[in-house]
Amino acid sequence: MTDHDRRTSLFIDGLRNAHAMEKQALSIMTPQVARIVNYPEVADRLRAHIDETEGQIARLDEVLRGFDTSASMLKDTGLSLSGSMAAMAHSVAGDEILKNSFANYAFEHFEIASYKALITLGEDCGLASVSTLQQSLDEELRMAAWIDETLPTVTRRYAELYAGEGPGEAKA
């Protein structure tokens with residue numbers, strides 16, 4: 001196997017990992033949206049990012065098909081399950097909205113790093129699919145920036161609800 005073949009194989013494995021990562025993102029965000037009541041701007045942005053994430057999955061599927069392969073069902077299932085478990089763990093926390101915001105911010109940066117690494121590998125292999133990955137990276141960068149910008153507002157809203165009504169009303 002040539003160096004180029006090994007690098008391409010590494011790129012394809014990275015695509016499968018990114019696919020599973022995006023499936024995990026859906027399993028984290030979807031339950032959050034269903035539970036958000038007191039933070040409509042967060043729910044709206046999560047819904048929009050769920051749509052973006054579904055588009056990212058479709059783009060990854062398209063790139064994988066270009067290599068005559070597909071996503072890893074095992075990786076997709078495993079990471080989706082772990083995302084669901086994380087979402088469930090936060091749902092019982094009194095400060096669920098804050099924990100979700102922190103976790104979402106961290107996860108966005110994980111996705112950003114993953115796409116940056118994939119783009120680097122793709123460029124090194126001379127692959128045209130990096131423009132498709134750049135679109136996903138740009139979406140993740142915008143989402144991370146949005147979370148960063150709105151975290152003070154969400155925190156203040158949580159504190160306001162907590163002080164006025166108690167933790168049960170503040171959490172979601």
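Between the OG1 atom of Thr53 and the CD1 atom of Ile28 there is a distance of 10.0 Å, given to the nearest 0.5 Å. To the nearest 0.5 Å, the span separating CD on Glu160 from CG on Asn38 amounts to 10.0 Å. To the nearest 0.5 angstrom, Leu121 atom CG is 9.5 Å from Thr8 atom OG1. The line from CG of Leu141 to CG of Leu137 is 4.5 Å long, rounded to the nearest 0.5 Å. Leu64 CG to Ile12 CD1: the interatomic distance, rounded to the nearest 0.5 Å, is 7.5 Å. Atoms CG and CG, on Leu118 and Asn17 in that order, are 8.0 Å from each other to the nearest 0.5 Å.
Among Arg59, Arg47, Arg45, the single residue meeting the salt bridge (charged side-chain N to carboxylate O under 4.0 Å, His left out) criterion with Glu52 is Arg45.
Heavy-atom minimum distance, Val42 versus Trp146: CA-CH2, 3.7 Å. Ile119 and Val130 make their closest contact through O-CG1, 3.6 Å (heavy atoms, listed as atom of the first residue, atom of the second, distance).
For the residue pair Thr69 / Arg16, a side-chain donor-acceptor distance below 3.5 Å is found, with atom types taken as modelled. With 3.5 Å as the limit, one finds no donor-acceptor pair spanning the side chains of Glu22 and His19. Remark: the Gln56 side chain and the Gln135 side chain contain no N/O donor-acceptor pair separated by less than 3.5 Å. In the model, Asn104 has no side-chain atom that pairs as donor or acceptor with a side-chain atom of Glu108 under 3.5 Å.
Contact annotation: the side chain of Thr132 never approaches that of Leu60 to less than 4.5 Å [non-hydrogen atoms, C-beta and beyond]. Met143 places none of its side-chain heavy atoms less than 4.5 Å from the side chain of Glu111. Counting heavy atoms from C-beta outward, Leu133 and Phe11 have side chains that approach closer than 4.5 Å. Phe107 is not listed as a side-chain neighbour of Ile147, based on a closest heavy-atom distance of 4.5 Å or more. Between Tyr115 and Gln134 there is no side-chain heavy-atom pair separated by less than 4.5 Å. Looking at heavy atoms from C-beta onward, Lys116 lies in side-chain contact with Ile112 at the 4.5 angstrom threshold. The shortest distance between side-chain heavy atoms of Leu161 and Tyr39 falls below 4.5 Å. Taking the side chain as every heavy atom from C-beta outward, Phe67 and Leu127 approach each other to under 4.5 Å.
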- How far apart are the C-alpha atoms of Thr2 and Asp5, what are their side-chain angles, what is the distance that settles it, and do they pass the side-chain hydrogen bond (donor to acceptor under 3.5 Å, both in side chains) test? CA-CA 5 Å; Thr2 69; Asp5 290 342; 3.2 Å; yes

- Check the pair His49 / Glu140 against side-chain hydrogen bond (donor to acceptor under 3.5 Å, both in side chains), numbers first and verdict last. CA-CA 9 Å; His49 196 54; Glu140 301 302 354; 3.1 Å; yes

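Atom CZ of Phe110 has 12 or fewer neighbouring heavy atoms from other residues, nucleotides or ligands inside a 6.0 Å radius. Within a 6.0 Å sphere centred on CZ of Arg7, other residues, nucleotides and ligands contribute 12 heavy atoms or fewer.
Using a 4.0 Å cut-off between charged side-chain N and carboxylate O, Arg65 and Glu62 make no salt bridge.
Counting only distance, with no hydrogens or angles, the side chain of His4 and the backbone of Cys125 share a donor-acceptor pair below 3.5 Å.
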